[in-house]
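We name chains A, B, ... by the order of the sequence lines, and we start the count at 1 in each one. Model, not experiment: these values are computed from the prediction.
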There are 2 protein chains.
Amino acid sequence: MTETAPRPTLEAVAARAGVSRATVSRVVNGGDGVRGPLVERVRRAVEELGYVPNQAARSLVTKRHDAVAVVVAEPETRVFADPFFALQLRGISKELTAHDSQLVLLLTEGRADHARVGRYLAGGHVDGALVFSLHLDDPLPELVQRAGVPTVFGGRPGWGEGTRSAVYVDSDNRGGARDAVRHLVGLGRRRIAHITGALDQTSAVDRLDGFRDVMVDAAPGLIAEGDFTPAGGERAMGELLERCPDLDAVFAANDLTASGALRVLRAQGRRVPEDVAVIGFDDMLPVAEQTDPPLTTVRQDIEEMGRLMARLLLRGLRGRGGEPGVGGTPSSVVLPTTLVRRASA
Amino acid sequence: MTETAPRPTLEAVAARAGVSRATVSRVVNGGDGVRGPLVERVRRAVEELGYVPNQAARSLVTKRHDAVAVVVAEPETRVFADPFFALQLRGISKELTAHDSQLVLLLTEGRADHARVGRYLAGGHVDGALVFSLHLDDPLPELVQRAGVPTVFGGRPGWGEGTRSAVYVDSDNRGGARDAVRHLVGLGRRRIAHITGALDQTSAVDRLDGFRDVMVDAAPGLIAEGDFTPAGGERAMGELLERCPDLDAVFAANDLTASGALRVLRAQGRRVPEDVAVIGFDDMLPVAEQTDPPLTTVRQDIEEMGRLMARLLLRGLRGRGGEPGVGGTPSSVVLPTTLVRRASA
DNA sequence: GTGAAAGCGCTAACAT
DNA sequence: ATGTTAGCGCTTTCAC
């Protein structure tokens with residue numbers, strides 16, 4: 001804990017450079033209509049004084065904040081079960097940094113927090129918001145809509161009232177699931193089971209839909225509900241084995257689920273992939289590479305999703321106020337997935 | 001993406017309530033020297049207009065920001081390997097929220113980012129900073145020191161120049177390690193090995209020191225260097241087994257390392273805990289509970305560490321400016337650890 | 001191309 | 001107890 005020194009103002013720089021505040025301001029903001037030598041003089045003064053613009057004063061007049069809120073409803077997601085969250089954040093952070101925007105993190109855990117977040121967003125402290133709302137009945141999308149803050153969602157939001165027009169970034173969960181199941185089919189497997197994710201999240205629903213796209217006539221017994229956790233995977237795998245002892249493949253909604261399933265299969269003496277082929281989703285390295293055997297899985301580029309969310313938001317921000325439509329109102333993006341073959345299928 | 005409406009100002013509220021701006025300001029900030037009925041009238045006006053104070057305008061005059069920066073040097077830490085990061089953030093977030101402070105997240109990946117962070121902190125955008133700097137030679141502590149921002153570190157920082165007086169929150173890594181090894185000794189084990197963490201982080205060094213405290217005469221061959229990852233754990237375990245085939249216990253620097261070690265032990269046909277007892281550190285539930293067998297480990301309360309960091313910082317912030325010493329200059333805190341017994345030792 | 005001046009919305013003396 | 005007023009540090013017309 002150290003004492004904070006008084007910082008130089010525009011005024012000080014102007015005095016030192018022998019120009020007016022206006023000129024300094026111009027230089028600091030790109031130095032457009034200022035002649036070369038003057039720019040140089042001002043730059044030097046800025047340097048010597050260690051001048052840094054006061055963001056509060058600036059925001060007061062520009063009404064911009066160069067800050068974006070990232071809202072994560074965390075008890076509801078698997079945020080702490082795998083590095084998903086951290087990876088998205090990294091992508092977001094990189095993109096925001098490149099545009100000199102700050103990342104304000106808002107973690108929520110319940111209704112009380114929702115009110116707080118709503119107030120904050122409505123309070124106009126940030127230029128926009130990036131919201132992770134993977135729950136079907138999440139109040140967040142509506143709330144954000146009401147706050148009137150430009151927003152991009154991470155993952156397709158559930159269908160609330162005003163959510164139809166929401167801009168979001170998502171992986172092609174359905175297509176990825178189809179690829180996975182087709183791969184299993186190509187391997188000659190016929191009794192293919194699916195362990196779903198938490199079905200109140202669109203990603204889980206979409207992956208299930210993808211499974212059904214390929215296995216149109218799958219026996220209902222071949223589908224067991226999981227929750228994206230290893231424990232859920234274990235439980236579901238147990239059920240599956242009991243109901244359909246003759247299954248020869250499993251598509252798990254994510255890698256964590258798959259890891260749980262693998263454990264149960266091994267415990268029951270089934271060989272993977274000889275007896276049962278297993279395929280996951282995510283390609284979370286720390287998980288997929290460490291299972292026994294290493295996991296074949298559907299890879300999604302999580303960091304890129306984060307980066308894209310930020311990019312979309314910033315582009316939208318630029319589009320407003322200026323000539324409308326120059327930035328253009330961004331529309332949602334669905335990123336492709338790729339199958340990563342390892343040993344389990 | 002929606003349009004943002006013009007927000008009402010203090011002035012508007014004052015007009016509506018038939019009072020002066022000053023009075024509204026007082027009410028909004030707690031309403032101390034204002035009489036009941038007036039407070040009521042102003043409150044109503046605020047309500048009706050949906051007034052929210054403009055933080056930029058406020059900061060401009062108060063020089064406070066109600067915001068704290070959280071700086072994470074992420075390529076350098078195991079941030080993405082386990083939920084450490086997310087848990088600390090959660091603790092921090094909770095505490096900041098309780099004090100109406102915002103969390104500005106700064107992720108860094110290299111020297112260029114350091115400069116940026118330095119500028120941001122020096123720019124006086126936040127009231128203080130929470131810095132995770134677990135690297136021995138990390139430039140961050142010095143940089144923060146120079147920026148003159150009140151700071152609390154997560155984990156004991158390496159000894160740089162001005163780091164002596166740094167305030168930090170850490171777990172009792174050394175004590176926890178001692179407990180772990182003593183537990184092993186209590187189990188009757190005599191050939192106890194240690195797989196270290198990345199030794200450029202103080203936590204790894206401290207745990208190694210704890211190991212040595214108990215195993216004063218341990219053969220050098222019983223210590224292998226890891227890096228806090230499962231892969232590192234595997235490699236180190238392999239070396240250990242080669243050098244000292246007769247070892248009967250392993251203390252791993254963290255749970256991830258232990259999980260790698262377990263895999264190698266199993267692959268080589270050693271039974272755990274019968275032949276070799278294994279103990280980890282962290283008690284990362286998703287890891288420790290899912291290993292086979294479940295991991296005995298040293299628990300540290302990560303979320304509490306985060307919370308404490310924030311609390312310390314805020315307390316320090318309160319102490320400055322007012323009567324000096326009322327908040328008091330906070331000093332570092334080392335949190336106790338507890339041994340959690342599962343099946344592996 | 002450059003400077004002078006008018007605020008942005010708020011708080012904190014100071015007056016009353 | 002309440003109102004008046006002077007800025008906080010910056011951007012941005014508007015003159016020159």
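- Counting to the nearest Å, the P atom of dC8(D) and the NE2 atom of H65(B) are 16 Å from each other.
- In terms of modelled atom types and a separation under 3.5 Å, the side chain of S25(B) and the main chain of R21(B) share no donor-acceptor contact.
- In this structure, S25(B) reaches the dT11(C) phosphate: one of its side-chain N or O atoms is under 4.0 Å from OP1 or OP2.
- If you measure from atom CG of L10(B) to atom P of dG9(C), you get 10 Å, rounded to the nearest angstrom.
- Distances were taken from every side-chain heavy atom of V34(B) (C-beta onward) to each of dC10(C), dA4(C), dT2(D); the shortest belongs to dT2(D).
- Comparing G18(B) and L60(B) along DNA chain D, the residue whose closest nucleotide (by nearest heavy atom) sits nearer the 5' end is G18(B).
- Side chain of A57(B), nearest nucleotide from dC10(C), dT12(D), dT4(D): dC10(C).
- Using a 4.5 Å heavy-atom threshold, the side chains of L140(A) and V71(A) count as touching.
- Applying the 4.0 Å criterion to OP1 and OP2 of dT11(C), one finds that N29(B) has a side-chain N or O inside that range.
- Of the listed nucleotides (dT4(D), dG9(D), dG3(C)), dT4(D) has the atom at the smallest distance from the side chain of A22(B).
- Q55(A) places its CD atom 19 Å from the P atom of dC8(C), with the value rounded to the nearest Å.
- T23(A) contributes no side-chain N or O that, together with a main-chain N or O of V19(A), makes up a donor-acceptor pair within less than 3.5 Å.
- Nucleotide dT11(D) holds its C1' atom 14 Å from the CD atom of E11(A), rounded to whole Å.
- Residue N54(B) contributes atom CG, which lies 18 Å from atom P of dG7(C) at whole-angstrom precision.
- Relative to the side chain of T9(B), the nucleotides dG9(D), dC10(C), dT11(C) differ in distance, and dC10(C) lies closest.
- Using a cut-off of 4.0 Å between Lys/Arg side-chain N and Asp/Glu carboxylate O, R44(B) and E47(B) are scored as not salt-bridged.
- The side chain of T62(A) contributes no N or O atom lying less than 4.0 Å from OP1 or OP2 of dT11(D).
- Side-chain atoms of R58(A) lie closest to dC10(D) of the nucleotides dC10(D), dG7(D), dT2(C).
- Residue R21(A) places a side-chain atom within donor-acceptor reach of the base of dT11(D), judged by atom type and a 3.5 Å distance cut-off alone.
- K63(A) places its NZ atom 13 Å from the C1' atom of dT12(D), with the value rounded to the nearest Å.
- Between the C1' atom of dA1(D) and the CG atom of D32(B) lies a distance of 13 Å, rounded to the nearest Å.
- Salt-bridge formation is detected for the pair D66(A)/R64(A): a Lys NZ or Arg NE/NH1/NH2 atom is positioned less than 4.0 Å from an Asp or Glu carboxylate oxygen.
- Residue S20(A) places its side chain closer to dG3(C) than to any other of dG3(C), dC8(C), dT2(D).
- Residue R35(B) has its side chain nearest to dT2(D) when only dT2(D), dC10(C), dT11(C) are considered.
- Side-chain atoms of R26(B) and base atoms of dG3(D) include a donor and an acceptor less than 3.5 Å apart.
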